[in-house]
Amino acid sequence: MDIDNDLLYLAETDEEYADKESWLTGLKETMKHHKGMWVVQSKSSVSKAQEEYYATPEYKRQVGIITEAVKQVNTLKNKRATAILRIDVWRTLEASRRKGNIQ
């Protein structure tokens, strides 16, 4: 196990992870904004206007962007979780070695 690299990876990806998480949140809020604008400008009832919005190319485009953002965030989250898990396993092994349970 290369714990130094895992620790370095976690330290180096803190800001990237935060940036991607906030980017994803912003994308979701932007989609809500676009939907709201669509509904306000529509001459239809609110429920019909919402359904019409879901049929627009803009909605489909936003879904694609959000899907990619979710993929990027989850990939980074999973890699970070794996690094944390390896560090935890290493810590457990080191504690066992100190107690003399493992050689």
Side-chain angles (χ1 to χ4, degrees):
M1 283 193 246
D2 194 354
I3 301 308
D4 291 334
N5 281 340
D6 287 332
L7 291 169
L8 185 61
Y9 175 75
L10 289 172
E12 289 176 344
T13 58
D14 281 340
E15 287 186 31
E16 179 184 1
Y17 180 70
D19 288 344
K20 287 189 179 197
E21 276 281 343
S22 63
W23 173 54
L24 177 57
T25 301
L27 288 172
K28 290 177 180 178
E29 293 302 316
T30 298
M31 182 184 277
K32 289 179 189 177
H33 173 73
H34 289 159
K35 178 182 172 184
M37 296 287 290
W38 181 273
V39 170
V40 167
Q41 293 174 359
S42 176
K43 306 240 187 263
S44 304
S45 67
V46 171
S47 62
K48 184 171 181 178
Q50 288 176 345
E51 294 304 316
E52 289 170 349
Y53 173 71
Y54 294 139
T56 64
E58 173 64 22
Y59 176 76
K60 186 174 180 178
R61 187 180 72 77
Q62 284 293 116
V63 168
I65 292 170
I66 289 174
T67 300
E68 179 59 30
V70 167
K71 179 182 172 186
Q72 289 180 27
V73 168
N74 286 341
T75 299
L76 189 55
K77 183 187 291 184
N78 291 340
K79 286 181 179 181
R80 290 174 55 81
T82 299
I84 291 168
L85 181 62
R86 281 194 299 255
I87 292 166
D88 287 345
V89 168
W90 176 81
R91 290 175 63 201
T92 301
L93 290 172
E94 288 299 306
S96 294
R97 284 188 186 108
R98 282 192 301 274
K99 288 182 179 179
N101 297 336
I102 298 177
Q103 295 187 8

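The figures that follow rest on heavy atoms only: side chains count, while hydrogens, waters and symmetry mates do not.
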Visitor: Taking all heavy atoms of A49 and all of S44, pick out the closest pair and write down the distance.
Guide: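 Heavy atoms only, the tightest pair is N-CB, 4.2 Å.
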Visitor: Just to verify, what does N5 make a side chain to side chain donor-acceptor pair (under 3.5 Å) with, not counting sequence neighbours?
Guide: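 Result, side chain to side chain donor-acceptor pair (under 3.5 Å) vs N5: D2.
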Visitor: How would you list, by chain and number, every residue that makes a side-chain contact (heavy atoms from CB on, under 4.5 Å) with I84, sequence neighbours excluded?
Guide: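 Checked I84 against side-chain contact (heavy atoms from CB on, under 4.5 Å); matches are L10, D88.
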Visitor: Quick one: CD1 on I87 to OH on Y9, what's the gap to the nearest 0.5 Å?
Guide: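 Output value for this atom pair is 11.5 Å.
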Visitor: For T30, check side-chain contact (heavy atoms from CB on, under 4.5 Å) against everything at least two apart and list the hits.
Guide: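 T30 satisfies side-chain contact (heavy atoms from CB on, under 4.5 Å) with H34, Q62 once adjacent residues are dropped.
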Visitor: Can you give me the closest heavy-atom contact between Q72 and W23, atom names plus distance?
Guide: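 What the structure gives for the nearest pair is OE1-CZ3, 3.6 Å.
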Visitor: If we only count heavy atoms from C-beta on, is the E52 to T56 side-chain gap below 4.5 Å?
Guide: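 The answer is no; the side chains never approach within 4.5 Å.
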Visitor: Would you please name every residue forming a side-chain contact (heavy atoms from CB on, under 4.5 Å) with D19, sequence neighbours left out?
Guide: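 For D19, no residue satisfies side-chain contact (heavy atoms from CB on, under 4.5 Å) once neighbours in sequence are set aside.
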Visitor: Any salt bridge between E94 and R97, counting N to O under 4.0 Å?
Guide: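 Salt bridge between E94 and R97, a charged N being under 4.0 Å from a carboxylate O: yes.
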Visitor: Kindly state each residue pair satisfying salt bridge (charged side-chain N to carboxylate O under 4.0 Å, His left out) with at least one member in residues 60-76, sequence neighbours excluded.
Guide: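 Listed by first then second residue: E58-R61.
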Visitor: In chain order, what residues pass the ring-ring contact (aromatic ring centres under 6.0 Å, His included) check against Y54, with sequence neighbours excluded?
Guide: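 Per chain and number, Y54 pairs via ring-ring contact (aromatic ring centres under 6.0 Å, His included) with Y59.
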Visitor: On a heavy-atom basis, which atom in R86 and which in D6 lie closest, and how many Å separate them?
Guide: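 Taking every non-hydrogen atom into account, NH2-OD1, 2.7 Å.
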Visitor: Mind checking who shares a hydrophobic cluster with V46, ILVMFWY linked at side-chain heavy-atom distances under 4.5 Å?
Guide: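 Besides V46, the hydrophobic cluster comprises V39, listed by chain and residue number.
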Visitor: Would a hydrophobic clustering, with Ile, Leu, Val, Met, Phe, Trp and Tyr connected at side-chain separations under 4.5 Å, put L76 with L85?
Guide: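 No, L76 does not connect to L85 through the hydrophobic network.
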Visitor: Look up atom CZ in R98 and atom CG in L93, then write down how far apart they are to the nearest 0.5 Å.
Guide: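 Output value for this atom pair is 10.5 Å.
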Visitor: Excluding sequence neighbours, so at least two apart, what forms side chain to side chain donor-acceptor pair (under 3.5 Å) with R80?
Guide: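 Applying side chain to side chain donor-acceptor pair (under 3.5 Å) to R80 gives T13, D14.
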Visitor: Applying salt bridge (charged side-chain N to carboxylate O under 4.0 Å, His left out), name anything that partners E29, two or more places apart in sequence or on another chain.
Guide: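 Salt bridge (charged side-chain N to carboxylate O under 4.0 Å, His left out) list for E29, sorted by chain: K32.
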Visitor: Taking salt bridge (charged side-chain N to carboxylate O under 4.0 Å, His left out) as the definition, give me every residue that meets it alongside K20, ordered by chain and number, with sequence neighbours left out.
Guide: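 K20 satisfies salt bridge (charged side-chain N to carboxylate O under 4.0 Å, His left out) with E16 only.
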Visitor: With S45, which residues qualify under side-chain contact (heavy atoms from CB on, under 4.5 Å), at least two apart?
Guide: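 Partners of S45 under the side-chain contact (heavy atoms from CB on, under 4.5 Å) test: S47, K48.
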Visitor: Using the test salt bridge (charged side-chain N to carboxylate O under 4.0 Å, His left out), find all partners of E21 that sit at least two apart in sequence or belong to another chain.
Guide: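 By the salt bridge (charged side-chain N to carboxylate O under 4.0 Å, His left out) rule, E21 matches no residue at all.
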Visitor: Hey, any chance L7 and Y17 share a hydrophobic cluster, counting ILVMFWY side chains that come within less than 4.5 Å of each other, even indirectly?
Guide: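 No, no single cluster joins them.
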